[in-house]
Amino acid sequence: MNFINCTGASSPELIKKTVIFWSENSAQHINSLLRSVTGTTAVLQEEFKQQLHTYYDMFLKIKDALSQKQFNSSIYTQFFGVNMGFINLLERIKYETFSGYPILQQSVFHYLYEGRYINAILGFKNSVGNVLVTTYFLPFLNRSVDCIYNQIYFWSIIGSMHPSLIMQNNAFYNAINGYAKEFLTGVCNSFNNINFALSSLKRPVKKASLSVIFNEFASLNNDYLEFLKAVKQTSPKIFTLPSAVRLPSSFYNAVDHQIAEHTLVSEINGNMEKMF
């Protein structure tokens with residue numbers, strides 16, 4: 001069992017695909033942080049800006065390198081080191097910047113959580129041939145039920161954060177109708193409820209008790225993914241005056257970012273569904 005996508009075995013191609021995805025994703029996180037102070041009085045010290053630019057370039061270099069060649073352990077080691085450095089920088093930013101701007105703090109916590117997820121699925125390494133592969137999410141167990149539990153647990157937390165992140169865009173929030181606002185609030189609450197339901201399960205967790213929660217989670221993820229796609233299409237089901245909507249490209253970049261993550265979740269869900 002590997003905990004990248006809850007399949008039976010890992011492979012060099014799976015690890016390559018995973019590192020490419022999270023390299024690009026992390027670079028987008030950094031770009032969002034660098035953009036976030038524009039138009040506000042929030043302060044991001046020059047030292048942090050320079051370090052963020054450095055990590056941005058490093059993540060993209062790793063992505064480009066992997067896109068052009070076979071996966072090898074040296075690139076993996078480099079990626080893991082860059083991710084750890086980015087996490088440490090976020091820990092500093094969390095306490096030393098963005099004072100008085102809760103949405104920016106929320107973004108930092110969000111990125112930190114995803115960085116630690118990367119550690120969880122890629123950080124426990126065993127040597128198989130010349131490739132370092134993931135074997136565990138938790139260091140003491142290797143069961144499919146643990147993979148299912150942990151993936152739902154992590155992505156339900158991320159899913160509960162995503163609606164609030166896009167609703168913080170005033171232009172978007174003012175342009176959507178009551179249904180959309182209610183839907184986004186409901187998605188946030190529903191992901192939180194899934195997380196609570198997981199935490200309430202008796203230990204050791206059984207697949208039978210997990211199956212109902214999984215079905216709810218998979219359905220909710222698909223519903224939110226379709227909503228995000230409708231946002232991209234400026235659907236009249238979401239916007240009060242679709243023809244008048246003018247949102248910045250940075251907002252649509254954020255929507256694309258969430259679409260990519262929830263599409264990945266759908267792929268993982270497809271693997272997990274086979275285990276019930």
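Just so it is clear, the structure is predicted and the values come from calculations on it, not from any experiment. We number each residue from 1, following the sequence as shown.
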Heavy-atom distance under 4.5 Å between the side chains of Ile157 and Phe191, does that happen here?
-> no

Flag the pair Glu226 and Lys237 as a salt bridge only when some basic side-chain nitrogen lies within less than 4.0 angstrom of an acidic carboxylate oxygen.
-> no

No-hydrogen, no-angle side-chain donor-acceptor test under 3.5 Å, [X] and [Y]:
X: Asn25; Y: Glu114; answer: yes
X: Ser144; Y: Lys207; answer: yes
X: Ser156; Y: Asn192; answer: no
X: Gln168; Y: Tyr173; answer: no
X: Asn221; Y: Ser266; answer: yes
X: Gln106; Y: Ser164; answer: yes

Check Tyr117, Tyr111, Phe59 against Trp22 for a ring-ring contact (aromatic ring centres under 6.0 Å, His included) and give me the one that passes.
-> Tyr117

Flag yes if Val231 and Tyr179 sit in one hydrophobic cluster, no otherwise; membership is Ile, Leu, Val, Met, Phe, Trp, Tyr, and two members link when side-chain heavy atoms are under 4.5 Å apart.
-> yes

Ile87 and Phe109: same hydrophobic cluster, using ILVMFWY side-chain contacts below 4.5 Å?
-> no

What class does the angle between the rings of His162 and His110 fall in, given that below 30° is parallel, 30 to 60° is tilted and above 60° is perpendicular?
-> tilted

Is there any salt bridge (charged side-chain N to carboxylate O under 4.0 Å, His left out) pair reaching into residues 256-266, and which pairs are they, with sequence neighbours excluded?
-> Lys232-Asp256

Derivation and outcome, side chain to side chain donor-acceptor pair (under 3.5 Å), residues Ser160 and Asn195 | CA-CA 9 Å; Ser160 71; Asn195 191 268; over 6 Å; no

Verify, without hydrogens or angle tests, whether [X] (side chain) and [Y] (backbone) share a donor-acceptor contact under 3.5 angstrom.
X: Gln151; Y: Phe3; answer: yes
X: Asn271; Y: Cys6; answer: no
X: Asn31; Y: Ala27; answer: no

Spacing of Asn177 atom CG and Thr240 atom OG1 [to the nearest 0.5 Å] | 7.0 Å

